[in-house]
Amino acid sequence: MKKGLFITFEGPDGSGKTTVSKAVSEKLLSEGYQVRYTREPGGSAISEKIRDIILDPANTEMDPRTEALLYAASRRQHLVDIVLPLIEQGVTVISDRFVDSSIAYQGYGRGIGAEEVFSINAFAIENHMPVKTVFLNVNAETGLARIQANRAVLDRLDAESEEFHKRVYDGYQKVIAQYGDRMIVVDASRDVHEVIAEVYSIVKGLLDD
Ligand code: TMP
């Protein structure tokens, strides 16, 4: 049987990543494509429990390396529970975030360093990298303004300083430069319907290839 594809979505908070990746997955599913939307951190029972610990605003004392390890642990469990079995069954997995998020947020945002963060993730993912990554590009100011306007409750990461979110954005630009062959950069500062239409045709193109 033909294996499914592993496609990830990345972007700063407020990039519209979740709205866009869900809308594109649902449209493709309604057209008969074998596609499944999932998200990180979370997406499976154990991973969702780890997500709750990581994002709980009460956990103000969390050490940056503990945070990086928890994201990697959640990623590992989600990969084994959801991503790999579905791909084997021929289903294309669209994951809302994956390892690039850890490089941008923990590696650059928290200042741990991209290589150190990648090395603990290499242990977690064992070479299972996405075939393509759609990056929804909005700068930190636009992203933050959107989440402040739209979210009733901010999680521990959303609530970080503007400087932190700028480091994350700059970190993502370095990830894009490093993994240019894998990354598809989409201007997400536009109206969300325009973004969905563009991303839909990109992902459909990958599935029809
Ligand atoms: P979400 O808002 O896309 O659901 O993600 C939750 C938060 O977790 C978001 O602020 C980004 C952050 N995050 C990391 O810092 N590192 C990671 O590896 C992942 C997957 C998410």
Side-chain angles (χ1 to χ4, degrees), residues 6-23 25 37-44 46-57 59-60 62-79 81-83 93-125 128-130 133-138 140 142-172 174-175 179 188:
F6 181 30
I7 298 169
T8 61
F9 276 62
E10 293 285 350
D13 292 289
S15 60
K17 190 178 42 55
T18 302
T19 309
V20 172
S21 56
K22 272 189 182 164
S25 306
Y37 165 87
T38 185
R39 71 161 182 185
E40 273 203 4
S44 78
I46 295 173
S47 300
E48 287 288 339
K49 287 187 183 164
I50 302 174
R51 177 186 176 97
D52 291 344
I53 298 171
I54 303 175
L55 297 181
D56 185 348
N59 286 337
T60 51
M62 191 180 292
D63 172 77
R65 283 171 187 255
T66 305
E67 182 182 282
L69 288 163
L70 287 173
Y71 276 115
S74 162
R75 176 160 304 127
R76 170 73 190 173
Q77 192 67 35
H78 175 249
L79 187 72
D81 284 347
I82 308 286
V83 180
V93 175
I94 294 192
S95 182
D96 184 347
R97 297 196 182 280
F98 193 59
V99 65
D100 300 316
S101 287
S102 282
I103 298 180
Y105 283 80
Q106 283 65 54
Y108 291 103
R110 296 288 188 218
I112 298 174
E115 277 169 27
E116 290 213 58
V117 171
F118 192 80
S119 70
I120 59 157
N121 277 279
F123 174 74
I125 66 176
H128 294 291
M129 285 297 281
T133 297
V134 177
F135 182 79
L136 296 187
N137 201 16
V138 283
T142 309
L144 276 180
R146 283 181 182 170
I147 59 174
Q148 277 154 6
N150 298 331
R151 286 197 197 156
V153 183
L154 295 184
D155 67 38
R156 199 170 59 82
L157 276 281
D158 291 335
E160 273 294 337
S161 66
E162 189 168 334
E163 287 66 38
F164 173 81
H165 287 282
K166 281 188 178 146
R167 287 196 299 275
V168 170
Y169 181 79
D170 292 344
Y172 264 134
K174 291 187 182 134
V175 172
Y179 299 102

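Keep in mind that this is a model prediction, so the values were computed, not measured. Residue numbers run from 1 in the order of the sequence given. Counting convention: from 1, in listed order, for ligands and their atoms alike.
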Ignoring hydrogens and angles, state whether a donor on the side chain of Ser101 or Glu10 is under 3.5 Å from an acceptor on the partner side chain.
yes
Note: Glu163-Arg167 ion pair, threshold 4.0 Å (strictly below):
no
Donor + acceptor pair across side chains of Tyr71, Arg97 (<3.5 Å):
no
Quick one, list the residues around ligand 1 where some non-hydrogen atom comes in under 4.0 Å, by chain and residue number.
Asp13, Lys17, Glu40, Pro41, Arg51, Leu55, Tyr71, Arg75, Arg97, Ser101, Ser102, Tyr105, Gln106, Leu157
What one should report as the nearest heavy-atom pair of Arg39 and His78 is O-NE2, 3.7 Å
Carboxylate-amine/guanidinium proximity below 4.0 Å for Arg156 and Asp13
no
Looking at the rings of Phe98 and Phe6, which for Trp means the six-membered one, are their centres under 6.0 Å apart?
yes
